[in-house]
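For this chain, numbers begin at 1 and follow the sequence in order.
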Amino acid sequence: MRKNLFLMCVSALLLLSCEGPMGPEGKPGEGMNWKIITYTVRESDWRLEGGRDNLNSYYIYEFDEKLLTDFIYTSGVVSGYRVLNPGQNSEVLTPLPHIVPLGDRDAGGEFLWQEYYTFDYMPGSIAFYAYYSDFSTGVRPPTCEFRIVLNW
């Protein structure tokens, strides 16, 4: 009896575990496509918005970017990074926004501020920003390298 039951189970497994022909390959799903783009904003390229050292003044540089399509804008993911020490052994990526706390000292004492680097995008363009917490925009931001990852 056990032998017959065993044979029936093995037969059922063999009959039910057959595979048919493979079907056509489907469309890639979201997150399957990606592109990495590196941008360099030179110190002389930053454009001051607002007056020098005025409240709410900041620096901006905008790139035309045809890879930023309507589809990526509405259905994709765009991640931004600032590249620190580009091309060196100590190169690192830090996610945007990147905030740098800074300080200095002169005859009047210590003064503190922060630099904020961030970005925004829309179909066809991407812009990078440099903000100073003390709005001391008389000094241009340094040359910065940014890396953007498009994922859709």
Side-chain angles (χ1 to χ4, degrees), residues 13-152:
L13 283 174
L14 289 174
L15 290 173
L16 298 174
S17 64
C18 294
E19 289 186 25
M22 184 177 283
E25 189 172 326
K27 295 186 337 185
E30 183 177 320
M32 299 302 292
N33 301 299
W34 54 276
K35 177 77 174 163
I36 298 173
I37 309 166
T38 301
Y39 301 91
T40 300
V41 181
R42 306 216 179 285
E43 181 178 344
S44 60
D45 293 337
W46 289 107
R47 184 180 79 235
L48 178 62
E49 290 290 322
R52 178 185 163 134
D53 298 331
N54 284 354
L55 288 177
N56 303 317
S57 59
Y58 60 92
Y59 285 93
I60 181 174
Y61 190 80
E62 187 173 359
F63 289 92
D64 291 332
E65 184 51 71
K66 64 181 182 223
L67 293 175
L68 278 166
T69 62
D70 288 328
F71 180 78
I72 291 173
Y73 181 76
T74 58
S75 301
V77 176
V78 178
S79 303
Y81 303 89
R82 183 164 178 217
V83 182
L84 301 178
N85 307 318
Q88 300 177 24
N89 288 338
S90 58
E91 177 179 302
V92 295
L93 298 177
T94 185
L96 293 174
H98 177 225
I99 302 168
V100 184
L102 297 166
D104 206 352
R105 181 175 294 156
D106 64 10
E110 290 183 348
F111 50 100
L112 307 173
W113 74 97
Q114 294 179 332
E115 293 178 0
Y116 296 80
Y117 295 91
T118 191
F119 76 108
D120 65 19
Y121 62 94
M122 62 185 203
S125 72
I126 186 165
F128 297 96
Y129 298 86
Y131 297 96
Y132 297 122
S133 63
D134 62 356
F135 301 109
S136 184
T137 52
V139 177
R140 287 181 159 310
T143 296
C144 294
E145 190 168 299
F146 300 97
R147 188 167 299 163
I148 298 297
V149 179
L150 307 176
N151 191 279
W152 67 98

Locate the shortest heavy-atom distance separating Ser57 from Leu48; write the atom from each residue and the value.
CB-CD1, 4.2 Å
Using 30° and 60° as the class boundaries, would you call the ring planes of Tyr121 and Tyr73 parallel, tilted or perpendicular?
perpendicular
Closest non-hydrogen atom pair, Leu102 against Glu115
CD1-OE2, 3.3 Å
Do Glu62 and Ser125 meet the criterion of a side-chain donor-acceptor pair at a distance under 3.5 Å?
yes
Please examine the side chains of Cys144 and Trp46, heavy atoms only from C-beta on, and report whether any two atoms are closer than 4.5 Å.
yes
When the ring planes of Tyr117 and Phe146 are compared, do they come out parallel, tilted or perpendicular, using 30° and 60° as the limits?
tilted
Please check this pair: side chain of Gln88 against backbone of Ser90, looking for a donor-acceptor N/O pair closer than 3.5 Å.
no
Pairwise side-chain contact, Leu150 with Leu67, heavy-atom cut-off 4.5 Å (strictly under):
yes
Assign the ring pair Tyr39 / Phe128 to parallel, tilted or perpendicular, where the plane angle (0 to 90°) is split at 30° and 60°.
tilted
Are any of the side-chain heavy atoms of Tyr116 and Pro97 separated by less than 4.5 Å?
no
Is it true that Arg105 and Glu110 have a side-chain N and a carboxylate O under 4.0 angstrom from each other?
yes
Would you say Ser75's side chain and Ile72's backbone share a donor-acceptor pair under 3.5 angstrom?
no
Does the Tyr59 side chain pair with the main chain of Thr137, one donor and one acceptor, at a distance under 3.5 Å?
yes
Do Leu68 and Pro123 have side chains that get closer than 4.5 Å, going by heavy atoms?
no
Does a sphere of radius 6.0 Å around CG in Asp64 hold more than 12 heavy atoms from other residues, nucleotides or ligands, not counting ones at 6.0 Å or beyond?
no
Please find the pair of heavy atoms, one from Arg140 and one from Arg47, that lie closest to each other, and give the distance.
NH1-N, 4.5 Å
Is there a side-chain contact (heavy atoms from CB on, under 4.5 Å) between Leu84 and Thr94? Walk through the geometry before answering.
CA-CA 7 Å; Leu84 301 178; Thr94 185; 4.0 Å; yes
Looking at OH of Tyr132 and CH2 of Trp113, how far apart are the two atoms once the value is rounded to the nearest 0.5 Å?
9.0 Å
Here the gap from Glu145 atom CD to Glu91 atom CD, rounded to the nearest 0.5 Å, amounts to 6.5 Å
Flag the pair Glu49 / Asn54 as yes when at least one side-chain heavy-atom distance between them is below 4.5 Å, and no otherwise.
no
Minimum heavy-atom distance Arg42-Thr143, with the two atoms named:
CA-OG1, 3.5 Å
Taking everything shown except Phe111 itself, do over 12 heavy atoms lie less than 6.0 Å from its CZ?
yes
Between Asn151 and Asn33, is any pair of side-chain heavy atoms under 4.5 Å apart?
no
Shortest non-hydrogen pair, Gln114 vs Pro101, comes out as CG-CA, 4.0 Å
Close side-chain approach of Val77 to Trp152, heavy-atom, < 4.5 Å:
no
Is the ring pair Tyr61/Phe63 parallel, tilted or perpendicular, if the boundaries are 30 and 60 degrees?
perpendicular
Enter the distance from Lys35:NZ to Ile148:CD1 here, rounded to the nearest 0.5 Å.
13.5 Å
Is Arg147 close enough and on-axis enough to Tyr81, meaning under 6.0 Å and within 45°, for cation-pi?
no
Given the rule in the side-chain contact (heavy atoms from CB on, under 4.5 Å) test, do Val100 and Arg82 qualify, once you have shown the distances and angles that lead to the verdict?
CA-CA 11 Å; Val100 184; Arg82 183 164 178 217; 4.2 Å; yes
